[in-house]
S.K.: 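The structure's right below; bear with me while I get my questions together.
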Amino acid sequence: SISANIGNEVFQSPFINAAGVFDETAAEMNQILNSEAGGVTTKSATLKPRKGNPTPRYADTKFGSINSMGLPNQGLDYYLNFIEKNEINKPIDLSISGTSREDNLTALKKVQKSSFTSLCELNLSCPNVIGKPQVGYDLTAIEETLTAVFEFFTKPLGLKLPPYFDLQQYDAVAKILNKYPLTYINTINSVGNGLVVDAKTESVVIRPKGGFGGIGGTYVKPVALANVRAFRQRLNPEIKIIGTGGVKTGLDVFELILCGADIVEIGTALAQEGPHIFARLKQELTDIMQEKGYHQLSDFRGKLKEY
Ligand code: DHB
């Protein structure tokens, strides 16, 4: 079996779409649900629908992608309604990304009052809203937000975090997160504000913010492995981890789980290959496990060896 648990949810396969890929509309989310994905993540929602940043705002590159979407989404009610109107028999990762703390609290109050029972993910790491810093890089803001959230929120909550790059940052963030009844974290969001250059035209490749945008794909895989590993070594064992970043093959899934991920999410590779990627990942992961004599994910989860 390649099943995995987060909170009360059972994922029959340990991979789903990363927030923002194949998940803005009901038609896209249904394609994910009808694939071999273990569940579905919804596009990070704001209280009101948003059109997002001017285009072009996404580009595939040699080793991944760059994007500055700017939170185009149908609004929280659309996603809550999609979940309520469909009898979805897989876990749902409902992503919330308000553009202010007040909006996040209002959105989470709405989720708390709704009939939603699956996993809710508060995104503290969108790098692309013009003029708004990533909350995940402000430790005081993380702490104040979580204190306010857990005054009323009793459903399973996860946090989408930006990548960290310094061991002291992991210590400081984990110390804060361990004070709260979080169900999981999701690490990493895109590596924010990278720049891709087209030498031929001597120009940037996306329009918003002068070409700066979130980097995903193969470039970021070692950063994802490090963030999953570093948090697994520091977080309370009750807090599960969704590993996201640079997953393209079953081997990448295996490596993230070896570093401590419970399940993984696929962004750039899903955008490039489409939802049939999940059938390929399932086959590749199963083959690796068979070759190594593993029967379940817990046989190797978190068991990365050190010298
Ligand atoms: C967007 C990008 C992100 O990385 C994120 O976490 C949320 C939203 C976006 O540009 O739409």
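Atoms within each ligand, like the ligands themselves, are counted from 1 in listed order.
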S.K.: Considering heavy atoms of the protein only, find what lies nearest to atom 11 (O) of ligand 1 and give residue, atom and distance to 0.1 Å.
M.R.: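 The protein heavy atom lying closest is Leu71 N, 2.5 Å.
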S.K.: Is Lys43 touching ligand 1 with its side chain, its backbone, both, or neither, if touching means heavy atoms under 4.0 Å apart?
M.R.: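 The side chain, only.
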S.K.: Could you give all pairs that pass the side-chain hydrogen bond (donor to acceptor under 3.5 Å, both in side chains) test and reach residues 135-144, with sequence neighbours left out?
M.R.: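 Qualifying pairs, neighbours excluded: Arg101-Glu144, Glu143-Lys179.
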S.K.: Return yes when Gly70 approaches ligand 1 closer than 4.0 angstrom through a heavy atom, no otherwise.
M.R.: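 Yes, that is the case, since the closest heavy atom of the residue is under 4.0 Å from the ligand.
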S.K.: Is a donor from one side chain sitting under 3.5 angstrom from an acceptor on the other, for Glu9 and Asn5?
M.R.: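 There is no such pair (donor and acceptor under 3.5 Å, judged by atom type) between the side chains of Glu9 and Asn5.
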S.K.: If we set the cut-off at 4.0 Å for heavy atoms, which region of Cys126 has an atom near ligand 1: side chain, backbone, both, or neither?
M.R.: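 Within the 4.0 Å criterion, Cys126 contacts ligand 1 through backbone and side-chain atoms alike.
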S.K.: Any idea which atoms of ligand 1 are less than 4.0 Å away from a heavy-atom of Asn128?
M.R.: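 Those atoms are 2 (C), 9 (C), 10 (O).
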S.K.: Using heavy atoms and a threshold below 4.0 Å, how should the contact between Asn189 and ligand 1 be classified: side chain, backbone, both, or neither?
M.R.: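 Side chain only.
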S.K.: Ignoring hydrogens and angles, state whether a donor on the side chain of Asn178 or Tyr180 is under 3.5 Å from an acceptor on the partner side chain.
M.R.: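 No - no donor-acceptor pair under 3.5 Å links their side chains.
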S.K.: Could you list which atoms of ligand 1 come closer than 4.0 Å to a heavy atom of Ser190?
M.R.: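 Under 4.0 Å from Ser190, ligand 1 has these atoms: 4 (O).
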S.K.: Could you tell me if Gln233 and Tyr170 have a donor-acceptor pair between their side chains, going purely by distance under 3.5 Å?
M.R.: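 Result is no, nothing qualifies.
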S.K.: Going by the angle between their ring planes, with limits at 30° and 60°, are Tyr219 and Phe63 parallel, tilted or perpendicular?
M.R.: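 Ring orientation, 0 to 90° scale: perpendicular.
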S.K.: Without hydrogens or angle criteria, can the side chains of Thr244 and Asn186 be said to hold a donor-acceptor pair below 3.5 Å?
M.R.: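 Per modelled atom types, Thr244 and Asn186 side chains form a pair under 3.5 Å.
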S.K.: Once you restrict to heavy atoms under 4.0 Å, what part of Asn67 touches ligand 1? Side chain, backbone, both or neither.
M.R.: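 The answer is the side chain of Asn67.
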